[in-house]
Number of protein chains: 2
Amino acid sequence: MSDLAVQLPETNRRLDAIDRKILMVLQDDASLSVAEIGDRVGLSSTPCWKRIQRLEADGVILKRVALVDQNKIGLGISVFVSVESSDHSDAWLKKFAEAVSAMPEVMEFYRMAGDVDYMLRVVVADMQSYDVFYKKLISAVPLKNVTSRFAMEKIKSVTALPIPAVVAA
Amino acid sequence: MSDLAVQLPETNRRLDAIDRKILMVLQDDASLSVAEIGDRVGLSSTPCWKRIQRLEADGVILKRVALVDQNKIGLGISVFVSVESSDHSDAWLKKFAEAVSAMPEVMEFYRMAGDVDYMLRVVVADMQSYDVFYKKLISAVPLKNVTSRFAMEKIKSVTALPIPAVVAA
DNA sequence: CTCATTTTGAGAAACTTTTTCCATTCTGAG
DNA sequence: CTCAGAATGGAAAAAGTTTCTCAAAATGAG
């Protein structure tokens, strides 16, 4: 065996039109039975079940979750936080990434290109909680500039990715 | 019946510690059986099932979905878009909200307080697709200023809200 | 304490998922 | 074209889960 290629446990077939349909259905409603999904994508339950298993094994489907209403549990405030740093070392980033990732209020955290170095979406109950979070953030690692922008109204929020149509070969 | 209060179909009891635990578990893994969830929150399956049913009926649990890996389906680019408008009329907002909500690339869309009027998180396959999206956005309604910030690295992204501990009465 | 109300849990019925096994379709070498 | 081998599809049975029914236990107002 001189081949260097690692034998992956995944089936690395490209996603066909039916796989994409299954993903669209499951991104919208993961409580459907396999038979119902099969109906919608034009498959009986066994092959549909096998495709879903493969999509999970291949990591295309990451997990199944319940989505909770932010307001019903008293989390009224969403804040977009832009961060600029003067330290661009690996060590600084590692420490910052670890500290921020551990904060449950942070729902999204990206390293950016351009004027802003990092971007966070933070969810808290009220202004007082935001202040607690803010102090925690600025005391975690040295930061050059932090800008907080508060959301007044959530107009759209989805978890379903826009699955691209199959590209013709 | 002179009472003006509408009889809601919901049970409007406040969430207790067990309800919150159930929500934490389901936000992380909605593929667990009711018996397994019951075990984790200290309940047998029937009462656990009833609480989940109530949380769904009350709209605390909005839906159950599958989360898909953005990169595995070829959606490599995340963009945060800040929008400023010069028109602040209801009619303009209605048109803008409808146009943007209908765009599948837009995963989040908030009306903001402060310098930026709107904030969008957009997901696309490549720069060419972003340009198509951008042109679609600026041609939908008149906009004063649009700033696109590109994500280089997704450091954290979760759908699980930080469920606050029960406040002592 | 007593009663009405709410919450809980055991078990049975209905339904779903998962497995087994076989038929069909597709692919590419000869 | 023709065939072997692989991949995909499907029916039906087995295993597991959800959902429902009913009665016991807990709670709390009077």
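All values below come from the heavy atoms of this structure, side chains included, with hydrogens, waters and symmetry mates left out. Reminder, nothing fancy here: chain letters follow the sequence lines and each chain counts from 1.
The end-to-end axis angle of the helix from dC1(C)-dG30(D) to dG30(C)-dC1(D), rounded to 10 degrees and based on five pairs per end, is 40°.
Salt bridge D19(A)/R14(A): absent, no basic N to carboxylate O contact under 4.0 Å.
The hydrophobic cluster of M152(B) has no other members, since no ILVMFWY side-chain heavy atom comes under 4.5 Å of it.
What separates CG of D16(B) from P of dA26(D) is a distance of 17 Å, to the nearest Å. With rounding to whole Å, R51(A) atom CZ is found 7 Å from dT8(D) atom P. Atom CZ in R64(A) sits about 15 Å away from atom P in dT16(C), given to the nearest Å.
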Less than 3.5 Å apart, which donor and acceptor atoms pair up between the side chains of residues 157-164 of chain B and the rest of the protein, not counting sequence neighbours?
none

Distance-only criterion, 3.5 Å: show the donor-acceptor pairs between side-chain atoms of residues 134-143 of chain A and protein atoms not counting sequence neighbours.
unit_1  : atom_1 : unit_2  : atom_2 : d
K135(A) : NZ     : D131(A) : OD2    : 3.2
K136(A) : NZ     : E105(A) : OE1    : 3.4
K136(A) : NZ     : E105(A) : OE2    : 3.0
S139(A) : OG     : K135(A) : O      : 2.9
S139(A) : OG     : K136(A) : O      : 3.2

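Interface residues of residues 33-47 of chain A facing DNA chain D, ordered by number: L43(A), S44(A), T46(A), P47(A); criterion, heavy-atom separation under 4.0 Å.
Qualifying ring-ring contact (aromatic ring centres under 6.0 Å, His included) partners for Y110(B), counting only residues two or more places apart in sequence or in other chains: F80(A).
Between F96(A) and S85(A) there is no side-chain heavy-atom pair separated by less than 4.5 Å.
Under 4.0 angstrom from either OP1 or OP2 of dT18(C) there lies at least one side-chain N or O belonging to W49(A).
Remark on DNA chain C: of its neighbouring residues L32(A) and K50(A), the 5'-side contact belongs to L32(A), judged by nearest-heavy-atom nucleotide.
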- Task: Let me see the working for D29(A) and S31(A) under side chain to side chain donor-acceptor pair (under 3.5 Å), right down to the final yes or no.
- Result: CA-CA 6 Å; D29(A) 188 352; S31(A) 73; 2.7 Å; yes

